[in-house]
Each structure stands twice: as C-alpha cells, then as structure tokens.
Student: 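Before I ask anything, let me first share the structure, which is written out below as structure tokens.
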2 protein chains.
Amino acid sequence: MKSADKHNKIIRAATKVFAKKGFFNARISDIAKEAKVADGTIYLYFNNKYDMLLSVFEEKIGRLVEQINGQLEKEEDPRRMLEIFIVNHLREMKKNKNLAEVIQIELRQTNKIIRDFRNNKFSEYLNIIATIIMLGQEKGVFRKDILPGIAKRAIFGAMDEIARIWNINMDSKYKIEDTELQVIRIFLVGVLQNRETSQ
Amino acid sequence: MKSADKHNKIIRAATKVFAKKGFFNARISDIAKEAKVADGTIYLYFNNKYDMLLSVFEEKIGRLVEQINGQLEKEEDPRRMLEIFIVNHLREMKKNKNLAEVIQIELRQTNKIIRDFRNNKFSEYLNIIATIIMLGQEKGVFRKDILPGIAKRAIFGAMDEIARIWNINMDSKYKIEDTELQVIRIFLVGVLQNRETSQ
DNA sequence: AAATAAGGAATGAACATTCATTCATTTTTA
DNA sequence: TAAAAATGAATGAATGTTCATTCCTTATTT
C-alpha cells in the first residue's frame, strides 16, 4: 500500500537533506537512505528531484500559513497582529532551521521560470503581511503612505536575512527575544529618534 | 601573456552566466564561450568553479564598498547617510541585475562551511550600515535602543528581497524612486502612525 | 630557441532515473 | 477453508548522460 505515511517520511528526510546540503548537493540516495527507503521508491511518490523540493516547500509554507492564520484570527489590533507575525516567523525559523534553509534554497536556487509559477502558498504567506498593513491603514493605526506590497517584502526580507545568519553561525549573538523586539521596533517606529524628519 | 585583461573578461562572463543560470547550472563551457576563451584557459586564472564564483562575488562587492564609501565621505548627517546607502544599493541592484543575482547565489547556494569564511568584503559592506547607525546614535539622531548588528541585517535583507523580485518579474510594479522612498520611510520612521506606541 | 600562454579534445567520476524482479498482501477459486 | 492467482509496492543494480578538470598540442611571446 502506497501509504501517506511513507510520503511523509520521504518529505521529512528530504527537508533534512536539502537543508543540510542544499538542493544541488543533495543526492537522491542520501534522501533515500535518510528515509530508510530504496532509491527507486522515491519515484513512486515524486516525479523527480525538483518536484520533491517544491513539495517540501509548499507543504512547509502551507503549515506556516495555517499556523499564523490561527494565531491572528483572535486578534483585532493591527499593531499586535504585525508583532505576532514577526514573532511567529522568527521563532519558527529559529526552531526549525531546516525549514528556514529550505525557504532560502527554493526561493533562490533552481529555475527562475518555474520558480514563482507554483509558489502560491508563499505568496499567500507574504500577503498576510500586506493584509495586516492595509487593515492598519484602514483603522488609522498605520501610516497611509506605506505601500503594503513593498512593506511585506521588506519585512519578510529582513527576517529571512536574520534567519540566514542563524543557519551559518550556530552561536547566535543575540537572544531570540531581543531579536524579535528589535525587528518589531525597527518596523513599527523606525530608527529615527524624532519624527518630524519624515517626508 | 597572462593578461589582467583576460582575467576580467572571464570574470565578466562568469558573472553573466552565473546570474542567468545559477551556480550549479552554469557550465564552465558556457562561461568559456561567453568569454571567448577555451575551457582550459579558465583554469589558468582560477582554481576551480567555486573559486570563480567567490572571485566574482568578492570583486563585485568590493566595488560596491568603494563606491558607497566615496559617496558617504562627503556626508555628515547619519540620516542622509542611511538614505544614500539605501538609494545606492537599490539603484545598483536595479541597474546591474547580474550583480544582484550573484549576491543571492553566493549567499545561499554552495557550501555553508566555506561560505562565510572568505566573505570579508561582504561583511565590510554590511558593516557600513552598522557604522552609520552607531554614528547616528552618538549624534542623538537615531534611537539608542536599536542594535546596529540587527538593523544592518534587517536593512540589507529587505533590499535583497526586493531585488530578488526584480530578478523574477521583469516588470516591476513600482517605480524605482517610489521603492527607494518606501524603504527609506519604513526604516526611518516605521509603519506606525503615532509614536507613543513603542516600548 | 626557449619559455609561457592558450586551445580544446579526452577523461572519468558522479548521479538522476529506470526497470526487471521480488515479495508481502489481498482476492479469487475450488 | 485452503490453495492458487493476482496485485502493486518496494527494491537496488544498471544505465547513460553530463560535465569539471586534465593534459597534450599548438600558438605566441621574449
């Protein structure tokens, strides 16, 4: 029986191996070994190597989307919502280094043309940030002169770069709580001491 | 004659090919063809494929560092300095898509262990941001509760993600000037409408 | 003429994918 | 109910291709 169980086992193994070696240096045989499965078995569950990466990516991001949506639905204050998003993302990346790495890989390795074609879950994820910002603008909490489409990328990019470093230096210089606070502060109030300076 | 000229020609070709195909899909023969040079010739100038990527990366970032330092030395106001850095980086990435792409590749593909070991020019580049922030804090222009080591990554990461999108969609949704202004605004004053909310 | 640079064909290792075969499980037959 | 047949998941060795790198040859420089 072609079990969903085995599918999962392979996904988990692939995540681990992709994260450790990167997509191109990951061998199918590595993944097979990690999943305790024969090389050929993998092709009963996935079309090819790239299909695996995409599956891993979509599944993991999908989880993130559900998780964050769950956390946000109780909240009304856009300011708090943004904080929750930031804290959740950073904690998740810190906890799950493999996930952070796979995001980095999928977003930047492999073929550009195929790339954003199937990344729907990822767009969905980023758009949560944009939605929060628009909500805040409607409620008059956030500045109206911020473009949500740019802000969402700035915020995600900032966190992604921070997570990238976590995956290089195992010893994080800063505590996770401090990092969260910093990111929240930077995006909420900026680096400026006084406000009159903005144009 | 083993000319510096040929070295440059190869670097330029490599940048182009790496940017177009990514490191792993770039063939030495592609680079050789692009540089109008024989495959073997490349090995007179570089030890191996990865050495080429690293050379390309270091050289390009080195240029960026010089360029931005030149622009900053006339400036005293940290606020303006940060603006200059942001504008310069974004314009450079927009103008030179290959450079943006190579940064993405080198930072995330290839081997993690070797990775940050030789990335000195890149650290130098990021530290310019940190220096600006510290200067601003000394001068009382920037908030003292911002950690420069985190802010520099947030700012770079934000711009890098924006540049990533430029390399995927050829049609940028926003004008470059608007994007610059947005990034500056987000980092200087944040998204919040009122200030009393920060902790 | 010697030394150095460049050329590019040849090499061989690496690796994704395939596919003939096995074998445990389920279904059918008697 | 037991034996026989069918199924299809799993295996992993074999295949064939794809390059990075080498190294012998040719061209150029001094």
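A quick note: this is a predicted structure, and the numbers were derived from the prediction, not measured. Proteins get letters first, then strands, A, B, ... in listed order; numbering begins at 1 in each.
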Student: Are F85(B) and F156(B) close enough, and set up right, to give a ring pair (Phe, Tyr, Trp, His ring centres under 6.0 Å), and what steps lead you there?
Tutor: CA-CA 10 Å; F85(B) 190 98; F156(B) 172 78; 8.6 Å; no

Student: Any carboxylate oxygen within less than 4.0 angstrom of a Lys/Arg side-chain nitrogen, looking at D160(B) and R164(A)?
Tutor: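 No.
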
Student: When you measure from the side-chain N and O atoms of K6(B) to the phosphate of dA5(C), is any distance below 4.0 Å, counting only OP1 and OP2?
Tutor: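 K6(B) to dA5(C) OP1/OP2: no side-chain N or O under 4.0 Å.
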
Student: Quick check on DNA chain C: between V37(B) and G40(A), whose nearest nucleotide comes earlier from the 5' end?
Tutor: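 Nearest-nucleotide comparison on DNA chain C picks V37(B).
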
Student: Please state whether the rings of F57(B) and F122(B) are parallel, tilted or perpendicular, taking 30° and 60° as the class boundaries.
Tutor: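 It falls in the tilted class, 30° to 60°.
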
Student: Nearest whole angstrom, please: distance from the P of dT17(C) to the OH of Y50(A).
Tutor: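 Answer to the nearest Å: 13 Å.
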
Student: Which nucleotide, dG7(C), dA10(D), dG12(D), lies nearest any side-chain atom of T41(B)?
Tutor: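 Looking only at side-chain atoms, T41(B) lies closest to dG7(C).
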
Student: Are any protein N/O atoms closer than 3.5 Å to N/O atoms in nucleotides 12-15 of chain C? If there are, list each pair with its distance.
Tutor:
{"residue": "dC15(C)", "atom": "OP1", "partner": "R27(A)", "partner atom": "NE", "Å": "2.7"}
{"residue": "dC15(C)", "atom": "OP1", "partner": "R27(A)", "partner atom": "NH2", "Å": "2.6"}
{"residue": "dC15(C)", "atom": "O5'", "partner": "R27(A)", "partner atom": "NE", "Å": "3.1"}

Student: Can you tell me the distance, in whole Å, between the CG atom of N47(A) and the C1' atom of dT18(C)?
Tutor: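 It works out to 14 Å between those atoms.
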
Student: I'd like to know if V65(A) and L99(A) are part of one continuous hydrophobic network [Ile/Leu/Val/Met/Phe/Trp/Tyr, side-chain heavy atoms within less than 4.5 Å].
Tutor: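 Same hydrophobic cluster.
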
Student: Tell me: OH of Y43(A) to P of dG12(D), nearest whole Å?
Tutor: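 Result: 16 Å.
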
Student: Round to the nearest Å and state the distance from D39(A) atom CG to dG12(D) atom P.
Tutor: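 In whole Å, dG12(D) P and D39(A) CG are 9 Å from each other.
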
Student: Checking contacts here: which listed nucleotide (dT21(D), dA16(C), dT11(D)) is nearest the side-chain heavy atoms of L44(A)?
Tutor: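 Taking heavy atoms from C-beta onward, the closest nucleotide is dT11(D).
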
Student: Let me know the distance between CD1 of I42(B) and C1' of dC23(D), rounded to the nearest Å.
Tutor: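 Computing the I42(B):CD1 to dC23(D):C1' distance gives 16 Å.
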
Student: Look at the side chain of Y45(B) and decide which nucleotide, out of dT18(C), dA5(C), dG7(C), has an atom nearest to it.
Tutor: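 Shortest atom-to-atom distance from the side chain points to dA5(C).
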
Student: Is it true that atom NZ of K139(A) has more than 12 heavy atoms of other residues, nucleotides or ligands lying nearer than 6.0 Å?
Tutor: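 Result for NZ/K139(A): enclosed.
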
Student: Out of curiosity, I146(B) CD1 to L181(A) CG, how far, rounded to the nearest 0.5 Å?
Tutor: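 If I round to the nearest 0.5 Å, the distance is 9.0 Å.
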
Student: Roughly how many Å is it from CZ in F46(B) to C1' in dT22(D), rounded to a whole number?
Tutor: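 My rounded result for the distance is 18 Å.
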
Student: In plain terms, say whether E66(A) and R63(A) are close enough for a salt bridge, that is, a side-chain N and a carboxylate O under 4.0 Å apart.
Tutor: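 Looking at R63(A) together with E66(A), the answer is no, because their closest N to O distance does not fall below 4.0 Å.
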
Student: Nearest whole angstrom, please: distance from the P of dA20(D) to the CG of D51(B).
Tutor: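 To the nearest whole Å, that distance equals 15 Å.
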
Student: Can you tell me which nucleotide in dG7(C), dG12(D), dA16(C) comes closest to the side chain of A38(A)?
Tutor: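 So the nucleotide nearest the side chain must be dG12(D).
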
Student: How many whole angstroms separate atom CD1 of I31(B) from atom P of dA20(D)?
Tutor: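 Answer to the nearest Å: 8 Å.
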
